[in-house]
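Basis for what follows: all heavy atoms, side chains included, without hydrogens, waters or symmetry-related copies. Model, not experiment: these values are computed from the prediction. A, B, ... follow the sequence lines: proteins, then strands. Residue 1 opens every chain.
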There are 2 protein chains.
Amino acid sequence: MDWLNLPPLNSLRAFAAVAGAGSYAEAADHLNVTQAAVSQQVKALERRLGVALVARVGRGIELTESGAHLARDLEAGFDIINRGVARINEAAAARPVQVTMSPAFAVEWLMPKIGEFQRAHPEITLMLNPTSHVVDLRPGGIDIAIRYRDRRRVEPDSEAFLKTDMVVIGTPDLAGERTGADLASLAELPWLQELGTNEAADWFTYHGIVPKKPLQINHMPGNLIMPAVRRGDGITYTARAFFVDDLAAGRVVELASETLFGFYYIETGPGEPRTDVMTFLKWLRTKAEVVTKPA
Amino acid sequence: MDWLNLPPLNSLRAFAAVAGAGSYAEAADHLNVTQAAVSQQVKALERRLGVALVARVGRGIELTESGAHLARDLEAGFDIINRGVARINEAAAARPVQVTMSPAFAVEWLMPKIGEFQRAHPEITLMLNPTSHVVDLRPGGIDIAIRYRDRRRVEPDSEAFLKTDMVVIGTPDLAGERTGADLASLAELPWLQELGTNEAADWFTYHGIVPKKPLQINHMPGNLIMPAVRRGDGITYTARAFFVDDLAAGRVVELASETLFGFYYIETGPGEPRTDVMTFLKWLRTKAEVVTKPA
DNA sequence: ATCCATACGATAGTATTTCTAATGCTTCGT
DNA sequence: ACGAAGCATTAGAAATACTATCGTATGGAT
């Protein structure tokens with residue numbers, strides 16, 4: 001615990017690089033800096049130690065005796081440190097790519113497409129974390145979050161990769177002939193809504209409708225809602241993107257629609273993402289789409 | 001040689017300190033920085049590695065598994081580096097204090113006083129390098145140079161520790177009754193002068209005297225001049241400080257004098273001098289004096 | 001011998017990194 | 001519930017490192 005008063009570590013590294021390379025110019029190359037920078041670092045180290053480490057000999061350089069000794073120790077030390085860091089990196093590289101998103105998005109949009117990615121990159125393990133919680137993106141934890149925002153709250157510099165109408169849908173059985181513009185009448189139908197959220201009420205409020213009777217809302221875990229809607233258990237408010245096929249086949253009907261109201265975009269943790277994460281991101285972006293009512 | 005792409009070394013050190021101390025606050029103490037600085041460094045490292053190293057546990061922290069492993073390696077690595085640096089430092093500390101100065105100054109001024117310093121600091125080895133060459137002050141080489149400047153060339157911010165008249169002196173035998181103002185007549189006496197210099201001629205030039213006959217100059221190594229002057233072999237141009245006693249005793253007489261013309265000052269190499277060097281400098285400054293003609 | 005290519009040295013200005021100060025948040029003990 | 005202890009976050013200041021440029025010394029080629 002007395003290595004706390006070491007000379008500036010960068011100058012030690014610079015000197016070690018010089019010792020290894022045999023010349024300032026080459027060392028500078030390896031360190032991705034200019035020769036002048038290395039020269040200064042070594043000078044600073046010599047000053048700090050009060051000992052000459054490098055001597056000019058003709059056109060090149062040579063280590064002094066002290067310099068040679070120090071270089072040996074530095075090389076050994078940095079090598080050990082490097083091994084430690086390398087181990088961490090290997091472990092990190094093998095770690096699965098962890099993605100969080102809402103349950104609905106996972107089941108209705110991502111899962112149907114994910115097979116393609118896994119076929120293309122069998123070496124990458126994906127771990128999906130479908131939850132409506134907003135999870136922190138920390139190092140060693142979740143790598144990517146796919147977040148929803150409606151267009152009222154879109155942040156100017158965030159690039160959405162899925163823009164979609166938001167719709168209220170239900171089976172034709174349940175909806176009857178309500179497909180028209182009478183939004184208020186939707187308050188009479190049973191709603192399905194994710195536990196702990198309040199989408200239905202918000203939706204009415206947004207449209208300036210005050211239901212005459214209390215809404216009839218069935219709360220359930222997010223992953224159960226979509227099947228329940230298809231079964232005709234109720235109606236819900238969701239992204240058109242999740243029901244394109246069902247709508248086309250007439251299995252569900254659209255009771256209301258807000259054009260390009262929903263934005264899904266990608267958030268990554270701080271810093272440069274790992275290679276695997278980048279690969280997944282790239283793939284994800286190729287799947288970007290805009291979903292709105294067919295002509 | 002692949003430890004060149006290590007993460008920022010300072011953040012590695014910060015993390016290692018945290019691992020060793022068990023808390024950010026204490027680590028910060030040891031590193032002589034604020035807790036915030038350490039926190040930032042560790043965060044940066046986690047970001048860089050893409051791995052969580054430290055976890056908050058209640059009010060304190062705990063290392064993750066990765067963190068613990070890395071900490072072990074870092075400690076080992078830094079320890080080796082530290083040992084290397086420590087060896088250099090020990091060697092440097094034991095190195096003698098090396099001082100360069102002119103031969104005349106060494107023999108006439110410093111040597112008579114040096115015993116006192118060595119009695120006071122027997123643990124410090126002094127190495128004097130009396131030469132009229134201007135030696136470079138590099139780390140690992142000369143620590144201190146005592147340089148002469150005449151008052152025409154004194155640098156404004158350099159602090160002289162010895163200011164002295166410059167005089168032309170010789171034995172009474174040799175000089176006869178020439179003590180007066182007739183400087184031109186000094187050209188008839190034999191001069192003693194350091195090899196490779198041109199003091200005598202310069203002196204006449206400075207005083208605007210053009211000798212009628214060529215000067216009679218005897219070149220010799222610097223250390224031999226003063227004894228030769230005392231022996232009556234010739235006259236020379238030198239600092240009054242070197243002959244205060246001889247003048248007082250009448251063993252030599254002053255043939256000409258320039259009041260406070262000579263300045264000796266100290267020059268040290270770049271950077272903070274070593275402890276031993278500082279000790280010597282301090283002592284040297286206590287010997288500072290101004291030497292001029294007694295009233 | 002002179003010129004040229006190579007490599008290090010010095011320095012001023014700029015860019016980057018690191019640190020501090022101030023403040024906020026969470027947890028735990030009383 | 002309150003206050004103390006300890007980590008997190010931020011903007012701005014300070015310190016450090018780097019680049020660009022020029023200068024100097026050396027050794028080989030014409």
Side-chain angles (χ1 to χ4, degrees), chain A residues 4-48 52-64 67 134 136-141 269-272, chain B residues 4-48 52-64 67 134 136-141 269-272:
Chain A
L4 290 159
N5 280 72
L6 245 33
L9 295 171
N10 290 327
S11 63
L12 289 175
R13 170 165 52 188
F15 170 66
V18 169
S23 91
Y24 282 21
E26 196 184 329
D29 252 18
H30 291 149
L31 292 167
N32 292 314
V33 295
T34 57
Q35 169 268 320
V38 176
S39 173
Q40 286 174 120
Q41 292 290 345
V42 173
K43 277 268 169 312
L45 181 60
E46 289 184 325
R47 230 167 271 177
R48 158 71 186 255
L53 301 170
V54 177
R56 288 213 55 168
V57 172
R59 174 153 64 163
I61 57 165
E62 205 168 79
L63 300 186
T64 65
V134 173
D136 267 14
L137 281 72
R138 318 193 68 253
E272 183 76 356
Chain B
L4 290 159
N5 280 72
L6 245 32
L9 294 171
N10 290 327
S11 64
L12 289 176
R13 170 165 52 188
F15 170 66
V18 169
S23 92
Y24 281 45
E26 197 185 333
D29 252 19
H30 291 148
L31 292 167
N32 292 314
V33 296
T34 58
Q35 169 267 319
V38 176
S39 174
Q40 287 174 121
Q41 292 287 0
V42 173
K43 277 267 170 310
L45 181 60
E46 288 184 325
R47 229 167 272 178
R48 159 71 187 254
L53 301 171
V54 177
R56 289 212 56 166
V57 172
R59 176 152 62 167
I61 57 166
E62 205 168 80
L63 300 185
T64 64
V134 174
D136 267 15
L137 281 72
R138 319 194 66 255
E272 183 75 356

- Query: What is the minimum heavy-atom distance between A:Asn10 and A:Gln41, and which atoms define it?
  - Reply: C-OE1, 4.0 Å
- Value rounded to 0.5 Å, distance of CD in B:Gln35 from CD in B:Gln40: 9.0 Å
- Task: Starting at the 5' end of nucleotides 3-15 of chain C, put B wherever the base has a protein heavy atom under 4.0 Å, S where only the sugar-phosphate does, and a dash everywhere else.
- Result: ---BSBBBBB---
- Message: Side chains of A:Leu63 and A:Val54, heavy atoms from C-beta outward: is any pair under 4.5 Å?
- Response: yes
- Please tell me which of A:Ser11 and A:Val57 maps to the more 5' nucleotide of DNA chain D, matching each residue to the nucleotide holding its nearest heavy atom. A:Ser11
- In Å and rounded to the nearest 0.5 Å, what is the NZ to CZ distance from B:Lys43 to B:Arg47? 7.5 Å
- Reported CG-to-CG distance for the pair A:Asn32 and B:Asn5, which is rounded to 0.5 angstrom: 7.0 Å
- A:Leu53 backbone acceptor or donor facing A:Glu46 side chain under 3.5 Å: yes
- Do the non-hydrogen side-chain atoms of A:Ser11 and A:Arg48 ever get within less than 4.5 Å of each other? no
- Message: What is the distance, to the nearest angstrom, from the CG atom on B:Leu31 to the P atom on C:dT17?
- Response: 20 Å
- Message: With a 4.5 Å cut-off on side-chain heavy atoms, are A:Leu31 and A:Arg13 touching?
- Response: yes
- Item | Length of the line joining A:Leu9:CG and C:dT17:C1', which is rounded to integer Å | 14 Å
- So where does chain A start and stop touching DNA chain D, 5' to 3', when the test is distance under 4.0 Å to a non-hydrogen atom? D:dA17 to D:dG27
